[in-house]
Amino acid sequence: MGIPDEDVARVRAATDIVALVGEHAALKRVGQRWVGLCPFHTEKSPSFSVNAEHGFYHCFGCQTSGDAISFVRAMEHLDFVDAVRRLADKAGITIREDGDGGKGNQKRKIFLDAMELATEWYHHRLLTGEDAGLARDYLRSRGYDGEVVRRFRLGWAPDGWDTLCSALKLSDDVAIGSGLGFVNKRGRLQDAFRARVLFPICDPSGNPVALGGRVLPGSSDPAKYKNSMETPIYSKRRTLYALNWAKKDVIASGEVVVCEGYTDVIGFFEAGIPRAVATCGTALAEEHVKLLKNFATRVVLAFDADGAGQTAAGRFYEWERKLEIDVAVAALPPGSDPADLARSDPEALRVAVSGAKPFLQFRLERILDAADLTTPEGRARAADHALAAVAEHPDDLVRDQYVMQVAERCRLEPASLRDRLERIRREGPRTPPTKADRTQARPAPPSDDRDPRGYDDLGDPGDEPEWDEWDDGPGLVSGLQRTATMEFRPGLEALRLAIHRPEEVGDRLEAALFSDPVQRAAFVALVESDDLGEAIDGASGHVQAMLVRLTVEEPRSEPDEVVAQLVRDTVRRELPVLTVEARTSPEAMHEAAEVAGWLQDLDGSTTSAEASRRLVAWILVRAQLNGSGQVA
Ligand SMILES: [Zn+2]
């Protein structure tokens with residue numbers, strides 16, 4: 001169910017973001033921006049800023065940011081498509097879905113209505129039907145009382161050909177379109193489910209969109225579970241069972257538990273962990289994780305992640321980086337499943353969730369626990385296995401911390417393990433590089449030289465709210481960080497100028513002037529896009545977040561000043577390299593002297609522009625020589 005890009009653009013263009021945000025927060029005009037108390041976190045002084053012209057918001061307090069669509073998504077917990085629909089309705093715009101000019105919307109409504117009626121009908125049948133006695137007995141035997149049955153709207157599909165379709169007088173179109181029925185070989189409409197206990201599967205707003213059916217014990221039907229087929233209202237890759245009920249606790253805790261079965265989910269709820277969801281007969285897919293990301297940033301896997309293996313590991317790390325979530329694994333006792341554990345030992349289930357470990361930690365412990373660590377040979381073998389798992393992680397800082405663990409457990413020198421790890425990464429089996437690996441815009445790994453405040457020393461922050469750290473938490477080397485960050489501050493101011501006063505600064509900036517990889521990627525995105533919106537849409541992760549923030553920040557410095565500072569910083573980083581070359585090369589010595597002269601000229605009032613031009617040209621040549629488009 002895609003919405004064409006141009007329709008999304010029309011909806012964005014037709015939306016007044018100030019009015020939209022204004023429904024949730026009082027905004028006051030300050031200069032080019034609108035500011036107010038943040039609707040996403042509690043605060044006393046306004047940190048929330050909206051750029052009406054470009055249509056973006058940013059909160060300096062809780063760091064949330066985005067456009068009208070993400071605002072609606074966050075405020076109303078909707079997915080992208082629903083948020084666009086909501087805004088389109090508001091703006092009186094008809095959007096095409098699957099290119100059908102709005103008919104798709106009407107159909108969806110009809111199918112959703114049919115599904116709601118059927119869910120209620122099946123539920124009522126389970127509670128009161130004479131033919132549902134065995135089903136009720138079965139549920140009772142699983143420990144499900146009337147409260148559970150009502151809470152999850154469980155149902156009973158009678159053992160008949162078309163009991164539901166004829167009771168609800170469903171037309172062929174509606175029955176088939178909603179997945180409630182199908183036309184059998186004799187050309188007659190038949191119920192999709194018969195003689196099964198039903199688990200309604202809802203969208204995040206609680207509308208039933210599909211059903212999962214389980215046979216009763218002793219049934220001759222070989223398929224224990226059966227789900228609705230995919231329909232215009234149900235895509236299993238985008239649907240998570242019970243998210244509608246779990247949503248509240250997921251948001252409150254920032255964590256979601258993902259399990260494999262409907263009864264596992266119910267087990268978690270019964271054990272007092274009402275933030276569990278399940279995939280519906282499919283492996284956890286990126287679409288699922290994107291959906292979850294609207295509600296929580298930590299995903300706890302409560303299934304046999306061990307069996308998921310290496311392919312899954314690559315996917316989890318990719319999601320962690322790309323979607324900025326944490327993937328952890330609940331430490332379930334071996335061989336147990338959550339549904340059984342919830343009944344036999346609910347406390348163990350709670351402990352498993354609260355003690356969930358990062359995916360790599362979990363794998364490492366499995367490997368080391370299974371290894372023979374009593375002999376040198378055994379420890380070396382265990383270290384090799386463990387390093388193979390560590391090698392899959394894309395972040396070198398993360399890898400190194402696990403190397404230390406392996407070193408300690410296997411009583412080996414970290415230095416030799418590091419060499420071995422690098423060799424495995426070079427030669428060993430590894431997952432194919434991700435898209436993010438191949439592009440320059442790769443935001444990870446976190447660099448601790450990123451400006452933690454945002455405001456640079458060129459401008460006076462005045463009474464502006466201060467920025468917190470970018471995204472990566474406290475710097476790893478806070479002592480060194482202070483001096484390192486000073487150098488990067490003009491980079492942000494240059495980006496502000498490139499966004500707000502592009503005509504004044506545009507052709508005077510070069511990617512090679514940005515030493516911070518995220519700032520450089522942001523600059524490249526701006527240069528390579530037709531407009532700011534396109535640059536933001538196309539950017540990923542940290543880069544996108546940075547660009548959005550800068551749209552609500554006005555530059556305080558003059559372009560000349562900022563360009564000069566950037567040039568100065570870049571030259572000062574590159575000059576020592578040249579000085580080393582000068583020891584053996586007379587040309588390099590001459591060049592170094594010349595560059596040093598221009599650097600002095602840069603501070604002169606009359607010579608500054610020319611010196612700047614020469615230095616930028618020199619930087620570009622050096623960057624080209626380095627082959628990376630960057631200098632030191
Ligand atoms: Zn906020």
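Just so it is clear, the model here is predicted, and its values are computed rather than measured. Note that ligands are numbered from 1 as they come in the structure, with each ligand's atoms numbered from 1 the same way. Note that these values count all heavy atoms, side chains included, but never hydrogens, waters or copies made by symmetry.
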Colleague: Do you know the tightest heavy-atom contact between Ile266 and Tyr241?
Modeller: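 Answer, listing the atom of Ile266 first, then Tyr241: CD1-OH, 4.1 Å.
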Colleague: Protein N, O or S atoms at less than 2.8 Å from the Zn ion (ligand 1), how many?
Modeller: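 Excluding waters, the total comes to 4.
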Colleague: Pick one: which of Asp89, Ile95, Ile3 meets side-chain contact (heavy atoms from CB on, under 4.5 Å) with Val11?
Modeller: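 Option passing the side-chain contact (heavy atoms from CB on, under 4.5 Å) with Val11: Ile95.
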Colleague: Under 30°, 30 to 60°, or over 60°: which ring-plane class applies to Phe48 and Tyr57, parallel, tilted or perpendicular?
Modeller: parallel
Colleague: Is it true that Phe71 and Phe56 have ring centroids separated by less than 6.0 Å?
Modeller: no
Colleague: Any chance the rings of Trp245 and Phe152 have centres within less than 6.0 Å?
Modeller: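 Distance test on ring centres: under 6.0 Å, yes.
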Colleague: For the residue pair Phe60 and His58, does the interplanar ring angle fall in the parallel (under 30°), tilted (30 to 60°) or perpendicular (over 60°) class?
Modeller: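 The rings of Phe60 and His58 stand perpendicular, inter-plane angle above 60°.
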